[in-house]
Amino acid sequence: MIMQGKKGLIMGLANKFSIAYGIAESLNRQGAGLLFTTQTEYFRNKISDIAADFGCTDVTLCDVAIDGQIEVAFDEILTKVGPIDFVAHSIAFSDKNELTGKYCNTSRANFLNAMNISCYSFTEVCRHAAKLMPNGGSIVTLTYYGSEKVVPNYNVMALAKSALETSVRYLANDLGPGGIRVNAISAGPIKTLAASGVGEFSKILEYDRQRSPMKRNVTQKDIGDACTFLLSDLASGITGEIVHVDCGTNIIGTHF
Ligand code: NAP
């Protein structure tokens, strides 16, 4: 029960297949108190039963693309529960029509929207979360190997993840003096709603499974447990890191 006595926020739970669900299960197993945000009233209704299973009966609305909503959400959380110890940011978006074919066809509108939701939102989340962490805390976001090497069809999302990873280092430097750690998990591929928007995703899954030294894909539990570790005091000396949780696929070259 390494999270006993700690409470925090999970952003990006869409359903039971979400990576955020694996994170919630693991944190819950380790004794953490959980809060959730969701994008719209429609999604609030959809996830309220799942959130209730984790002891959260009041999901907070937060569309990270709308100016001011992140600040309002964190103010609301402060009023509801007071200071928090951790945040897991598990949010990304791109028009799925641009997650197939050539990157060079990316539109300006989708480039800006993908960057806004998938990268900038994390900066704003960290800024407002810090106000709720007067005694320090830990914040984790989710990234993917497509930021480092070309992965077919990942396209604009790869650029958003590269920027997100750089922002992790700058945010860790900014928030470190306040005892707040900021890290990212670079997760191997998992079949979720967002992932199924990436062209030929099942091929990526199969390719990774074969390439992995462990000869398997990662699971929600693998990622959830690694996230719990990073959010816990066991990771007290770790900040500004991109931690690969991908059954080792990133260590294998593409030509073998
Ligand atoms: P998911 O279940 O579809 O979760 C994506 C979440 O992003 C959804 O809950 C969605 O909310 C939320 N979101 C999108 N736009 C938003 C907005 N404007 N405001 C608030 N929330 C918004 O997919 P997932 O795979 O678990 O994705 C979670 C994270 O893991 C993402 O950052 C993704 O890039 C990353 N990741 C995934 C994989 C993979 O293979 N699955 C691998 C590496 C990294 P709604 O449902 O309300 O729209």
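Worth saying up front: this structure is predicted, and the values here are computed from it rather than measured. Note that ligands are numbered from 1 as they come in the structure, with each ligand's atoms numbered from 1 the same way.
- Checking Met11, Gln220, Gln39 against atom 17 (C) of ligand 1, the nearest heavy atom belongs to Gln39.
- Residue Thr40 does not touch ligand 1, judged by heavy-atom distances below 4.0 Å.
- Of all atoms in ligand 1, numbered sequentially from 1 with element shown, those under 4.0 Å from a heavy atom of Asp63 are 17 (C), 18 (N), 19 (N).
- Looking at Met157, Lys161, Arg44 and measuring to atom 33 (C) of ligand 1, the nearest heavy atom belongs to Lys161.
- Nearest-residue assignment for atom 6 (C) of ligand 1 (options Ser147, Ser90, Ala14; heavy-atom criterion): Ser90.
- Contact annotation: Ser186 has no heavy atom less than 4.0 Å from any atom of ligand 1.
- Here the heavy atom of the protein found nearest to atom 35 (C) of ligand 1 is Leu142 CB, 3.7 Å.
- Residue contacts with ligand 1 for Thr141 are absent, since no atom lies close enough (heavy atoms, distance under 4.0 Å).
- Residue contact check: Leu13 has heavy atoms under 4.0 Å from atoms 9 (O) of ligand 1.
- Here is the list of ligand 1 atoms found below 4.0 Å of a heavy atom in Gly188: 40 (O), 42 (C).
- In terms of protein heavy-atom proximity, atom 26 (O) of ligand 1 is nearest to Ile19 N, 2.8 Å.
- Using bins of under 30°, 30° to 60° and over 60° for the plane-to-plane angle, the ring pair His128/Phe74 lands in the parallel bin.
- Between Ser18 and ligand 1, a contact under 3.5 Å exists for at least one N or O pair.
- Here the protein heavy atom with the shortest distance to atom 31 (C) of ligand 1 is Ala92 CB, 3.6 Å.
- When non-hydrogen atoms are compared, ligand 1 lies under 4.0 Å from the side chain of Thr192 (C-beta onward) but not from its backbone.
- Heavy-atom contacts of Cys62 reach the following atoms of ligand 1: 19 (N), 20 (C) (cutoff under 4.0 Å).
- Counting the atoms of ligand 1 from 1 in the order shown, those under 4.0 Å from a heavy atom of Ile190 are 39 (C), 40 (O), 41 (N).
- Considering backbone and side-chain atoms together, Phe43 places no N or O closer than 3.5 Å to any N or O of ligand 1.
- Here atom 44 (C) of ligand 1 lies nearest to Thr143 when heavy atoms of Ile204, Thr143, Thr37 are compared.
- If you look at Phe201 next to ligand 1, the close heavy atoms, those under 4.0 Å, all belong to the side chain.
- Contact annotation: for Ile117 versus ligand 1, heavy atoms closer than 4.0 Å belong to the side chain alone.
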